[in-house]
Protein chains: 2
Amino acid sequence: MGASKTEHFSTEQNTIATLIKALSHPARVAIIEYLLKVDACICGDIVDELPLSQPTVSQHLKELKTAGLIKGTVEGTAICYCIDETAIAKLQSYFNHLAQTLEQKNNGCCG
Amino acid sequence: MGASKTEHFSTEQNTIATLIKALSHPARVAIIEYLLKVDACICGDIVDELPLSQPTVSQHLKELKTAGLIKGTVEGTAICYCIDETAIAKLQSYFNHLAQTLEQKNNGCCG
DNA sequence: TCGTTATATTGCAATATTACGATAAATAAA
DNA sequence: TTTATTTATCGTAATATTGCAATATAACGA
């Protein structure tokens with residue numbers, strides 16, 4: 001196969017998996033961390049920053065954008081990318097929820 | 001290609017990407033949520049719970065285990081799986097860090 | 001208009017992932 | 001030992017992902 005049977009899972013499960021998947025590649029983690037590091041929301045310096053070709057970086061940016069993790073604004077010839085806080089907040093609250101629930105039920109594995 | 005150029009990224013970036021990747025499939029999200037829901041760390045009821053065949057579920061469990069998100073203990077014929085809190089804590093702190101850093105630098109995209 | 005710069009898209013090759021049937025391995029019970 | 005039960009592994013097909021060269025597109029300045 002190779003295709004996930006997404007239709008069998010809940011909308012919430014698919015939503016969170018999609019969001020998480022966008023960050024499941026070191027290049028995309030690096031992009032997010034770079035956008036976080038530079039104070040302004042720098043544009044295609046990302047290409048210079050990463051050890052990947054321009055088309056490859058462009059593709060990773062597209063994936064991040066599609067997933068809602070970053071936003072892009074046209075700025076003349078250049079395009080300015082920046083992190084979408086909403087998506088990060090969603091991920092943050094998801095993992096906080098997991099950790100919190102775990103803590104509450106003293107997760108002693110199989111006694 | 002198809003192979004990620006992991007060697008060009010930092011260890012930390014690869015580590016977090018690997019951990020995140022383990023959760024980038026709705027079935028694996030569902031497994032984690034199920035393990036969180038049931039109080040005891042139930043074993044192969046997961047197979048009954050998911051709309052996937054036993055070999056497929058076994059494969060997903062293996063991925064989660066390899067990534068360190070779950071632990072497994074032999075319990076007679078059965079195997080008892082449960083969440084590894086350490087991994088969840090790592091993810092939690094990573095996203096908390098992202099959100100916190102974002103907040104501190106009032107991320108007005110390309111204002 | 002033409003050239004330059006910045007980014008996106010296309011096309012393709014290499015590899016990875018997802019899923020499952022068949023089968024193996026391991027343990028428990030009879 | 002034999003049989004049933006549970007989980008893992010193997011083999012394989014379908015599909016997705018990663019990466020890049022080549023090319024297209026878009027916007028600016030001369």
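The chains referred to below are lettered A, B, ... by the order of the sequence lines, with proteins before strands, and numbering in each begins at 1. Computed from heavy atoms alone, side chains included, the values below leave out hydrogens, waters and symmetry copies.
Judged purely by atom type and a 3.5 angstrom limit, Lys90(B) has no side-chain atom pairing as donor or acceptor with the backbone of Ile16(B). At distances below 3.5 Å, not a single donor-acceptor pair connects side-chain atoms of Ser58(A) with backbone N or O atoms of Gln54(A).
Note that the CD atom of Glu75(B) and the SG atom of Cys80(B) stand 5.0 Å from one another [nearest 0.5 Å]. For the atom pair CD1 (Ile88(B)) and CG (Asn96(A)), the distance works out to 11.5 Å, reported to the nearest 0.5 Å. For the atom pair CZ of Arg28(A) and NZ of Lys21(A), the computed distance is 9.0 Å after rounding to the nearest 0.5 Å. Once rounded to the nearest 0.5 Å, the distance linking CD1 of Ile46(A) with CG of Leu52(A) reads 12.0 Å.
For DNA chain C, the neighbouring residues in residues 15-28 of chain B, judged by any heavy atom under 4.0 Å, are Lys21(B), His25(B), Arg28(B). Contact check of residues 49-69 of chain B against DNA chain C (heavy atom, cut-off under 4.0 Å) returns Leu52(B), Ser53(B), Pro55(B), Thr56(B), Gln59(B), His60(B), Glu63(B).
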Polar atom pairs between nucleotides 25-30 of chain C and protein, under 3.5 Å, N or O only, would you list them?
none

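Looking only at side-chain heavy atoms (C-beta outward), Leu19(B) and Thr15(B) stay at 4.5 Å or farther from each other. Considering only heavy atoms from C-beta on, Gln59(A) stays 4.5 Å or farther from Pro55(A) through its side chain.
Here dT6(D) presents its P atom at 14 Å from CD1 of Ile46(B), a figure rounded to the nearest Å. Between the P atom of dT9(C) and the CD1 atom of Ile79(A) lies a distance of 9 Å, rounded to the nearest Å. Going from atom NZ of Lys5(B) over to atom P of dT15(C) covers 13 Å, rounded to whole Å.
Relative ring orientation between His25(B) and His60(B) is described as tilted, the plane-to-plane angle lying within the 30° to 60° band.
An OP1 or OP2 oxygen of dT6(D) is reached within less than 4.0 angstrom by no side-chain nitrogen or oxygen of Tyr81(B).
The two residues Val29(A) and Leu23(A) have their closest heavy-atom pair at CG2-O, 3.3 Å.
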